[in-house]
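Heads up, the thing below is written out as structure tokens.
Both backbone and side-chain heavy atoms feed into the values below; hydrogens, waters and symmetry mates do not.
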Amino acid sequence: MRIWRSVVGKLWMTILLLVCFVLFILTILLLEFFQNYHVEEVEQSLQFEAQKISRILEDHSDMDLSLQIISEIVDEPVYALVTIDNVGTFASGGNTEYQQDVRELIEENRVFAAVTEQQKSVQQELSVESDTSTNRYDNVIITGVPFTFTDGSTGAVYVYQSLEAIQQTTEQTTRIIVLAAGIAIILTTIFAFFLSTRITAPLRRMREGAFEVARGKFDTKVPILTQDEIGELATAFNQMGRQLKHHLDALSQEKEQLSSILSSMADGVITFNRDGTILISNPPADRFLQYWYQEQESGRNEALPPQLQDLLERVMETDEEQVGEVSILGRTFVTILSPLYSGNAVRGAVAVIRDMTEERGLEKLRKDFIANVSHELRTPISMLQGYSEAIVDDIPQSDEERKEIARIIYDESLRMGRLVNELLDLARIEAGHITLRYETLPVLPFMERIINKFNVVSKEKDIRLTISSELSSEEEWNFDPDRMEQVLTNLLDNALRHTHDGGLIQLALSTDARSLTIEVSDSGIGIPEEDLPYIFERFYKADKARTRGRAGTGLGLAIVKNLIEAHNGSIEVESNVNQGTTFRFRLPYKQL
């Protein structure tokens, strides 16, 4: 059944039907032509024979001789019938049953009576078997011609011929036409299949090539077998495949480039359809949505935060860019939504989401830094200004009072200098402008020397300073001794200032193959849990009421953290209110 759906089958059937139709019309026309032509020839021949017989009869007075001549010139399938008034009827070719039927038909038909009565020629086609016969070849053509003898007597000559002979000729013609039709069908079939090798074979190859291209094999080529339109079609197909491959490669590269750009962006990007469906999102946007899913209350199932949903609806309504902020899990996101167009209609929107938490924190830190520095400097400056005015106004009356005021001014100037120096140290450390000078030193003697610096203060406050170590006195480690002394000094100073009289401060040392761990623990007032994440920030003071004696600047722990990180180490803190605090930091071993 596939051949009927193929181009070969359709071409073959089209040509075959066309040839058959043409031959059918030609057969009908030829048969009609031959039939009419032979009938006209028979009519003319019978007319001529009848006139010739009438002249013979008129020219010869001897009736027997005339009849003999008529018998000789009339041959089958033509027959003659001669009727003479008052004499009788004479028939050529014998007196068969067929001739008798024709004779009765002539005598009974009133049309032929006009031959003798009106002396005119008559010719008519009649059916011998039945007047209602539908087969014309059953008919007979009869021609009647009157004649007159020299003595004045009259008669009539009837010459007739059956059309059966024409039927034989027509059947022979039909057989020839059918034979020609058969030959034409065979030749048409051969021609159709010949065309299939010239037309459909290249088309089949192009169809197979098209299927290969549809499966993604864009380098498929079809052979160019001819230089006609089919060859040009094959050339265009190959060019189309190359262009498709080129364009798809370009689209793939652009898609990969766009995907790489979206993936590497620090900002989140989400593309929405007009109904709010998310089409594309990059990893930062996925994290933003994950934050939103985590924040949602139980029972809620909203795909987008309400603020973002409102911005999206306003973009769709106004066709204008919208900017807003979304707060999720304590983080702040700035969102910019812009419309996407398809022609003149808005088909969606693209949202750029930027996590501004760090920037807002830095802005707050900057403001806090300015406020804290101003606060820290304001007190010593105010005291310097006040006591300086007292000296200028000669308020102190004795040398002791003047010395006391000078001592206060000196202490406050030292405090300001210490604050400025710590700020400068912290700025240099954070900018990476310090250079660590590593040395390999015995750890335990170094720690004991640091502890001894605080013995006087600890005895005054009745605070016990101890050191516990898993290291031997000869075990060494490499670090910058000056910077490490600064770290331990800050930690021990904080511990002394925040530990009650009679308390305990312990320095613990331990090591493994990769790092040295140092712990500074105290039994002081501790740090509230909510303050722990911020204690390493500049100027941060958990509770100023806890400071006893000297007030700190709030920069010590920030310097400690930066110095330890400069050693590629890490620091952590554990604390419970009224139970004590433990600072633990680790220093990796550095190959010198």
Ignoring hydrogens and angles, tell me if any N or O in the side chain of [X] forms a donor-acceptor pair with the backbone of [Y] under 3.5 Å.
X	Y	result
S252	L248	no
D355	F333	no
T277	N273	no
S45	E41	no
S54	P146	no

Carboxylate-amine/guanidinium proximity below 4.0 Å for K245 and D249: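 A salt bridge is present here (some side-chain N lies under 4.0 Å from a carboxylate O).
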Salt-bridge criterion met for E572 and R586 (N-O under 4.0 Å):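 Counted as a salt bridge, because a side-chain N and a carboxylate O are separated by less than 4.0 Å.
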Residue from I142, V159, V145 passing side-chain contact (heavy atoms from CB on, under 4.5 Å) with L46: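 The option that passes is V159.
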Check against side chain to side chain donor-acceptor pair (under 3.5 Å), Q290 and R287: CA-CA 5 Å; Q290 190 65 35; R287 288 195 295 271; over 6 Å; no
Distance-only side-chain donor-acceptor flag, S338 / E321, under 3.5 Å: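 Per modelled atom types, S338 and E321 side chains form a pair under 3.5 Å.
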Heavy-atom check, side chain of E43 versus side chain of Q123, under 4.5 Å: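 A side-chain contact exists here, since the closest heavy-atom pair is under 4.5 Å.
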Side-chain heavy-atom pair T143, Y158 within 4.5 angstrom cut-off: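 Heavy-atom side-chain distance check fails, nothing below 4.5 Å.
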